[in-house]
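Bear in mind that the values here come from a model prediction, so they are computed numbers and not experimental data.
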Amino acid sequence: MNISALAVITVKRMCGFKIKRFGDPYFIHYLYRYEPNAKLMEILSIGNSALNLFFPRRCLNCDSVISSDSPLCVGCTAELPYTHWKADRKNFAYRKLKPLCTISWAHSLLFFKHDNVTQKLLHFLKYHGHLSIGRLLADKTSETVSLSGFDGIIPVPVHPDKLKKRGYNQVIPYAEILAENAEIPLIDDFLIRIENNPSQVHKNREKRLNSIKNAFGLNYEKLEGNFVLIDDVLTSGATLSTCANLIVSSTDSKIAVMTIACTV
């Protein structure tokens, strides 16, 4: 059943309209016939308004009611902990990765720490399918970071088992919009995950590096140029450095690293 149409029916009943064919599978068309002067888009607009009345959009951080398509209210948007880093070798992300791999530069958009707004956003992105978060943050990144001169974007992959269970790779929406804004290819079939490692959250850097060193592979090795490796969060650097080292050692390519967030 179309939820918007159901909302229309609810509103009409609340307003005293008589709907005779509630169970009609073609009730959208029936509603159109019921009020011949109404346009379908007007009906859907009424339905969406009713949905917003009963199920209003809420800020993912503070749970206040919001009216825009943004996942956050104005106040929480203003509190986003931007790093204000340039895409270079002078920031904390690059210094964290430098001992582990050879990269051109690094960049992270937001600071990530326990229970801050960044953690909440990435939790909804990763586990609850709020893919618009990735697209929004990619647009924010594109406002300050230029990817001109790069030959493509390579997202860090998830294992096929996790992809099947979750239904999506949370990095892809972010990577897609970055590629679209920069007008360069998204290369999501090059780097593959061949081991389904357990969560790395409670492991130190050494244990993360050891557990993930054989987790990735390449679909092909004929890749040449400058590429940007994308992930959601830079923590210990184990995943990103493993992927960067694999690509650099196996191809004639240079790698830069970008993440949505970096732990502090």
[X] and [Y]: same hydrophobic cluster, using ILVMFWY side-chain contacts below 4.5 Å?
X    : Y    : result
V171 : V145 : yes
V156 : L223 : yes
L178 : V233 : yes
Y94  : I154 : yes
L122 : F111 : no

Expected list for residues 127-138: side-chain donor-acceptor pairs under 3.5 angstrom, two or more places apart:
| residue | atom | partner | partner atom | Å |
| --- | --- | --- | --- | --- |
| H128 | NE2 | H123 | NE2 | 3.3 |

Open item on the list: Using modelled atom types and a 3.5 Å cut-off, is there a donor and acceptor pairing between side-chain atoms of R58 and backbone atoms of D63?
Closed with: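 Yes.
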Working to the nearest 0.5 angstrom, can you tell me the gap between [X] [atom1] and [Y] [atom2]?
X    : Y    : atom1 : atom2 : value
K213 : N245 : NZ    : CG    : 13.0 Å
D161 : N196 : CG    : CG    : 5.5 Å
L110 : L121 : CG    : CG    : 7.5 Å
S249 : L218 : OG    : CG    : 8.0 Å
I153 : L229 : CD1   : CG    : 10.5 Å
D189 : N219 : CG    : CG    : 6.0 Å

Is any side-chain heavy atom of [X] less than 4.5 Å from a side-chain heavy atom of [Y]?
X    : Y    : answer
T251 : F190 : yes
P157 : F216 : yes
I194 : I192 : yes
R95  : R89  : no
D115 : K120 : yes
L147 : E183 : no

Heavy-atom closest contact ([X] atom, [Y] atom, distance):
X    : Y    : value
C243 : L191 : SG-CD2, 3.6 Å
E195 : R193 : O-NE, 3.2 Å
K86  : N91  : O-ND2, 3.0 Å
K113 : Q119 : O-CB, 3.7 Å
S241 : L97  : N-CD2, 4.4 Å
I187 : G152 : CD1-CA, 4.2 Å

Task: Worked check of side chain to side chain contact (heavy atoms under 4.5 Å, CB included) between K222 and D252 - done: CA-CA 8 Å; K222 292 182 179 180; D252 294 323; over 6 Å; no
Open item on the list: Under the criterion side-chain hydrogen bond (donor to acceptor under 3.5 Å, both in side chains), I'd like the reasoning laid out for T144 against Y82: C-alpha separation, chi angles, the key distance, then a yes or no.
Closed with: CA-CA 11 Å; T144 57; Y82 291 106; over 6 Å; no
Open item on the list: Go through it in stages, so that I can follow the logic: the residues are L72 and L80, the test is side chain to side chain contact (heavy atoms under 4.5 Å, CB included), and I'd like the CA-CA distance, side-chain angles, deciding distance and then a yes or no.
Closed with: CA-CA 10 Å; L72 298 174; L80 279 171; 3.9 Å; yes
Task: Aromatic plane relationship, F150 with W105 - under 30° parallel, 30 to 60° tilted, over 60° perpendicular - done: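 Judged by the thresholds at 30° and 60°, the geometry between W105 and F150 is perpendicular.
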TODO: Please work out whether the ring planes of W85 and F92 are parallel, tilted or perpendicular, with thresholds of 30° and 60°.
DONE: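 Ring orientation of W85 relative to F92: tilted.
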Open item on the list: Would I230 and Y174 count as a side chain to side chain contact (heavy atoms under 4.5 Å, CB included) here? Give the steps.
Closed with: CA-CA 8 Å; I230 303 289; Y174 184 72; 3.6 Å; yes
Open item on the list: Ignoring hydrogens and geometry beyond distance, is a side-chain donor-acceptor pair present between N226 and K254 at under 3.5 Å?
Closed with: no
Determine all donor-acceptor pairs shorter than 3.5 Å in which one atom belongs to a side chain in residues 255-264; sequence neighbours excluded.
| residue | atom | partner | partner atom | Å |
| --- | --- | --- | --- | --- |
| T259 | OG1 | S108 | OG | 2.6 |
| T259 | OG1 | A261 | O | 2.8 |
| T263 | OG1 | K96 | NZ | 3.1 |
| T263 | OG1 | L234 | O | 3.2 |

Task: side chain to side chain contact (heavy atoms under 4.5 Å, CB included) assessment of F112 paired with T235 - done: CA-CA 9 Å; F112 180 104; T235 50; 5.8 Å; no
- [ ] Using side-chain contact (heavy atoms from CB on, under 4.5 Å) as the criterion, point out the one residue from L60, I66, T77 that pairs with P71.
- [x]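 Passing option: L60.
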